[in-house]
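We number each residue from 1, following the sequence as shown. Read the numbers this way: they start at 1 and go in the same order the structure lists the ligands and their atoms.
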Amino acid sequence: MKRIRNFSIIAHIDHGKSTLADRLLEFTGAVNLGGKMGQILDSMDLEKERGITIKAHAVRLKYKAEDGNEYILNLIDTPGHVDFSYEVSRSLACCEGSLLVVDATQGVEAQTVANAYLAIDHNHEIIPVINKIDLPQADPERVKKQIEDILGIDSSEAILASAKEGIGTKEILEAVVKKIPPPKGDPQAPLRAMIFDSWFDNYLGVIILVRVFDGIIKPGMKIRLMATQKEYEVQRLGILTPFPKDIEQLSAGEVGFIIAGIKNISDTKIGDTVTAVESPAQQPLPGFREVKPMVFCGLYPVETNQYEELKSSLEKLRLNDSSFFFEPETSAALGFGFRCGFLGLLHMEIIKERLEREFNLSLISTAPTVRYKIVDKKGEYLIDNPSKIPKIYERIEEPFMKVSIIVPEEFVGEILKLCQERRGIQKEFSFISKDRILLVYEMPLNEILWDFYDKLKSLSKGYASMDYEFIGYRASDLVKLDILINGEQVDALSVIVHKDKAYYKARAIVQKLRTVIPRQLFEVVIQAAIGSKIIARESIAPLKKNVLAKCYGGDVTRKKKLLEKQKEGKKRMKQIGRVEIPQEAFLSVLKIE
Ligand code: GTP
């Protein structure tokens, strides 16, 4: 065990984590990239080798150090986005140290801070790596100072590197060997191994990646997953180099994969403990938590006959992603579809994009919403769809987040205004360097869904970075805003808003809808209502002439183009009563000023 080092790389997005991982793999001879950047750990490309899909979220590297000894280095990858912070924390729990990569031109950003604190919480030995020193704007001294001032991490021995040019790779590997402590653990104790990743392979079923903390695991052993209490027999054990290689055992301190005939990925929960059925561990490893979706939306096929296809695509996606949730839902406006739950906004975007791209589906999605807690005489319960809010209730609670933002001083005024508009409660305002400010706010997740990230980026010309975490439910003065089109309530357009903003939002939504709903042959009236009270109204005058009239006798290609456009647009229309509503309308409620 003393020649094993388990470590991960943490960084803000785009600071060079994948490129550095590639360098480490290349330097230790795990792969030969021929000098090209391959982004091996990043590849979702389900490459096949010996019948196992490679999703190399843990690679075992062999490294002959300057002290003459050969070390086993397990590099455990961490997902790179705020939505997956629980999974990041589980990956970190499996390591004794981490490389903190900071871009020498950008400096410390919001996710650098969030990830570094996670690593500190796990008592990691943290090795700062200042990357991209090949760039002319690189300012490593400034970044070193930030690392000390903001994170309180000693940066006197920070390694200056260029992952792109391979500068500093050897120094990094030496630091991993010298500074990160070897794993502890008792090979004689009852088996305890933590699941930090799992995925589904068509041939082998579920494959789980584990770090063994105590005991030994061998093929043929009966194992129990402690959270789900499911039992299986180990069929194969292996390591990823990054290519899968079978081995005879995994012992305390080691990292590898287990194949045990598991059919259902929801049985293999990230953070759960694997133990042996014979002489099981008394206690699971600490820190297990079930992840719950935070953001919901309705997904409906544009063509009703694609319902079954959508269903089977969702099922396929879920095979590989147990944090994603869906159930059938019907909407008066949109017909048969699914209510889907995601860890966060990015997670939602990823799934939506995969459905459209990989499965070739044309979808209508409703505006994302959070899960509200309703308290009424039935008790306390959660609802994930605004249209399900009961008429009478005692109070509504909504999820609040702690939002950390790092922003250059010149933009701070605008950002403060934005946070205030979004019902943020300021908790911290501090200079982290001469010209950059760390803001911490408590803010309803609902307000973050409404275009917050885009606004943050545009108001700061792209310089602000952000991270958020869930802190709990809080009571708020919320109302349901319904939208009626020609007198018919469109359930899929209902939103929940704060009472103080209801009038303003209602007006903005009906005005927006007026611009996105095409003119029809009759007048279209758009109204917003709270209960039975109409609080805003707009109308669209009927269409008089044919859209193509102006092209008659004119340019034929232009006419063709217009028709093409119409056809495209038509595909995404939904008929509400007699009115055709484009997909854009269902999301437009989010994109209002
Ligand atoms: P995500 O995978 O998006 O989280 O990003 P990452 O942190 O893994 O960064 P990645 O390795 O994808 O690098 C981001 C960009 O920076 C890429 O365009 C790289 O080519 C570039 N890059 C990485 N390291 C260096 C470096 O040392 N110097 C320079 N000039 N560019 C680099």
Main-chain N/O of Ala58 paired to Asn74 side chain as donor or acceptor, under 3.5 Å: no
Quick look: Ser18 vs ligand 1, heavy-atom contacts under 4.0 Å, and the answer is both
Heavy atoms only: which of [options] lies closest to [atom]?
| atom | options | result |
| --- | --- | --- |
| atom 26 (C) of ligand 1 | Gln137, Gln111, Lys164 | Lys164 |
| atom 19 (C) of ligand 1 | Asn131, Ile133, Ile167, Thr19 | Thr19 |
| atom 5 (O) of ligand 1 | Val101, Asp77, Asp14, Thr78 | Asp14 |

Atoms of ligand 1 close to [X] [distance to a heavy atom under 4.0 angstrom, numbered from 1]:
| X | value |
| --- | --- |
| Gly16 | 6 (P), 7 (O), 9 (O), 10 (P), 11 (O), 13 (O), 23 (C) |
| Asp134 | 26 (C), 27 (O), 28 (N), 29 (C), 30 (N) |
| His15 | 7 (O) |

Between the side chains of Glu315 and Arg318, is the shortest nitrogen-to-carboxylate-oxygen separation below 4.0 Å, so that they form an ion pair? no
Between Lys178 and Glu125, is there a salt bridge with N-O shorter than 4.0 Å? no
Under 3.5 Å: N/O of Leu135 near N/O of ligand 1: no
Just checking, is any N or O donor in the side chain of Glu174 or Tyr63 under 3.5 Å from an acceptor N or O on the other one? yes
Among Arg211, Arg5, Lys179, Lys184, which residue satisfies the salt bridge (charged side-chain N to carboxylate O under 4.0 Å, His left out) criterion with Glu96? Arg211
